[in-house]
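Worksheet: the structure to be examined is printed underneath.
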Amino acid sequence: VLGYYVYRATSEFGNFQRISGMTAGTTFSDTVGTDGLKFYMVRPVKLQTTPSGGYYNLGLGITDTATVSYPHLAVAQAPVALSCNIYPNPATDIVNMTLDAATACTATITLINAAGAQYSTSVKELQSGANKLSLNVGRYPAGIYTIQVTSGQTTIINKIVKL
């Protein structure tokens, strides 16, 4: 294991957003956010090497909850720059995504299977506001997949079921 990624959501089945870089140690401090009940997920990261190259294999991880109080600073916090809505879920052929961006940005969208293998990666230029995209999953085997959307320091993780 190279290290761990820490994710946070505001509800049990909400969108988990990665809040850490690669963490090699066994401790992590969540220092920025809004007070209240938070849902955390910690996923191990391992570098897998295959004849065709290497990739970072994310483990399933563990989840836990905590009620947190953050230090209140006089500086206003920037709003979340990106949100994502995925439908239908489960899907058979096409997954639709609405990516709502606070400002124009570039987003990388990656489809990852349950074993951690990347099935597709695309880079999209998003405009400020709602951006509608489609992902064809019809050619992939049935199973549980992760759609990871990354823009700057923001990463959004969504799970989908492909029938």
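Residues: numbered from 1 along the sequence shown. Since we're looking at a predicted model, the values are computed, not measured.
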Using a 3.5 Å distance criterion without hydrogens, assess whether the side chain of [X] forms a donor-acceptor pair with backbone atoms of [Y].
X: Ser128; Y: Ala102; value: yes
X: Ser151; Y: Ala107; value: no
X: Ser122; Y: Ser120; value: no
X: Asn131; Y: Gly129; value: yes
X: Thr106; Y: Glu125; value: no

Could you tell me which non-hydrogen atom of [X] sits nearest to which non-hydrogen atom of [Y], and how far apart they are?
X: Leu133; Y: Lys124; result: CD1-CG, 4.0 Å
X: Asn89; Y: Val161; result: OD1-N, 2.9 Å
X: Tyr4; Y: Ser20; result: O-OG, 4.2 Å
X: Tyr87; Y: Lys132; result: OH-NZ, 4.4 Å
X: Lys162; Y: Thr92; result: CE-O, 3.2 Å
X: Ala66; Y: Tyr40; result: CB-CE1, 4.1 Å

Side chains of [X] and [Y], heavy atoms from C-beta outward: is any pair under 4.5 Å?
X: Val95; Y: Ser134; result: no
X: Ile144; Y: Lys159; result: yes
X: Ile94; Y: Leu135; result: no
X: Ile147; Y: Ile160; result: yes
X: Tyr55; Y: Leu47; result: no

Rounded to the nearest 0.5 Å, what separates atom CG in Asp64 from atom CE in Met41?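 Atom-to-atom, Asp64:CG and Met41:CE are 12.5 Å apart.
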
Gap separating the CG atom of Asp93 from the CZ atom of Arg139, nearest 0.5 angstrom: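 Reported value, rounded in 0.5 Å steps: 11.0 Å.
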
Taking 4.0 angstrom as the limit, do Asp30 and Lys38 come out as a salt bridge?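 Lys38 and Asp30: not salt-bridged.
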
Should [X] and [Y] be counted in the same cluster of Ile, Leu, Val, Met, Phe, Trp and Tyr side chains packed under 4.5 Å apart?
X: Tyr7; Y: Met22; answer: yes
X: Leu111; Y: Leu126; answer: yes
X: Val123; Y: Ile157; answer: no
X: Phe39; Y: Ile19; answer: no
X: Ile86; Y: Leu82; answer: yes

Dump the intermediate steps for side chain to side chain contact (heavy atoms under 4.5 Å, CB included) on Asn113 and Gln118, then the final yes or no. CA-CA 7 Å; Asn113 73 0; Gln118 292 183 3; over 6 Å; no

Taking the six-membered ring for Trp, are Tyr119 and Tyr140 parallel (under 30°), tilted (30 to 60°) or perpendicular (over 60°)?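 Perpendicular: the ring planes of Tyr119 and Tyr140 meet at over 60°.
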
Name the residue from Thr155, Asn158, Thr121, Ile156 that meets the side-chain contact (heavy atoms from CB on, under 4.5 Å) definition with Gln148.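 Result for side-chain contact (heavy atoms from CB on, under 4.5 Å) with Gln148: Thr155.
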
Tell me whether the guanidinium CZ or amine NZ of Arg43 lies under 6.0 angstrom from the six-membered ring centre of Tyr5 and within 45° of its axis. no

